[in-house]
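Counting starts at 1 for both ligands and their atoms, following the listed order. Keep in mind that the numbers below use all heavy atoms, side chains included, and drop hydrogens, waters and symmetry copies. We count residues from 1, following the sequence as given. Because the structure is a prediction, the values reported are computed rather than measured.
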Amino acid sequence: MDLLLHACCGPCSMYPQKVLKDQGIEYDMLWYNPNIHPEFEWNRRLINLRLAASHYDVKLFEVEGFMEEYWRSKSYLEEFGSRCRMCYDVRMDMAAKYASENGYDAFSTTLLVSPYQQHDTIIEVCKEKSVKYGIEFYYHDFREGFREGQNMAREIGLYRQKYCGCIFSLEESDLKEKILKSMN
Ligand code: SF4
């Protein structure tokens, strides 16, 4: 199987990449995360994902996209019901479309590794996109290896973020001041 793995960041990619390698699945990775704000953080996570990709010697495709104003507008609430649902929709739509248009057999996402994400909603959105673009959704409950993946990331010196990604998750964080300081 030739798979496209959407990756939200370097640390979250570590365990899913290990699983795919262990299973002998050929894969490339895709960066498309317009939900990460501010721009400093967007760049910092991308740089660390590049390190994670080169650690496993895999290709990383990068699709531009930065949507802080859209997130702040809240104009999507009526359509999606919540900002996280919209966030998964925007990213999985690109992942499934990119995979379908570029000859992959399936797509998946590193979002499935995090116990802090809405796992069932991610599955639901991925299944919708699978039908929309006629491409298989590869599911694995990567949460079993969340800690292992974080340890692997620490071992190779990756930056491990302290908030989910969007401007609201930063503003709501108890560690906001510390995080903002780390951006100076
Ligand atoms: S909290 Fe996380 S999943 Fe929800 S909208 Fe923000 S970045 Fe996306």
**Item:** Atoms of ligand 1, numbered as shown, that sit under 4.0 Å from any heavy atom of C87
**Value:** 3 (S), 5 (S), 8 (Fe)
**Message:** One thing to verify: whether E78 and R85 come together as a salt bridge, which I'm taking to mean a side-chain N less than 4.0 angstrom from a carboxylate O.
**Reply:** no
**Message:** According to a hydrophobic-cluster definition based on side-chain heavy atoms being under 4.5 Å apart (Ile, Leu, Val, Met, Phe, Trp, Tyr only), do Y159 and V113 belong together?
**Reply:** no
**Request:** Please work out whether the ring planes of F137 and Y139 are parallel, tilted or perpendicular, with thresholds of 30° and 60°.
**Result:** tilted
**Item:** Atoms in ligand 1 with a heavy atom of W71 nearer than 4.0 Å
**Value:** 5 (S)
**Complete:** Going by the 4.0 angstrom heavy-atom rule, the piece of F168 near ligand 1 is neither
**Cationic N near anionic O, under 4.0 Å, D22 to K18** = yes
**Message:** Strictly under 2.8 Å, is atom 2 (Fe) of ligand 1 approached by any N, O or S atom of C164?
**Reply:** yes
**Request:** Verify whether the ring centers belonging to Y98 and Y32 lie closer than 6.0 Å.
**Result:** no
**Fill in**
If we number the atoms of ligand 1 from 1 as shown, the ones under 4.0 Å from a heavy atom of N35 are 7 (S)
**Numbered atoms and elements of ligand 1 in range of R83, under 4.0 angstrom, heavy atoms** = 1 (S), 5 (S), 6 (Fe)
**Request:** Name the closest protein heavy atom to atom 4 (Fe) of ligand 1, giving the residue it belongs to and the distance to 0.1 Å.
**Result:** C84 SG, 2.3 Å
**Request:** Tell me, please: is Q117 in heavy-atom contact with ligand 1, that is, under 4.0 Å?
**Result:** yes
**Message:** Can you tell me if, anywhere in C166, an N/O/S atom lies at a distance from atom 4 (Fe) of ligand 1 that is smaller than 2.8 Å?
**Reply:** no
**Message:** One thing to verify: whether K132 and E128 come together as a salt bridge, which I'm taking to mean a side-chain N less than 4.0 angstrom from a carboxylate O.
**Reply:** no
**Message:** For E39, is there an ion pair with R45 - N to carboxylate O distance below 4.0 angstrom?
**Reply:** no
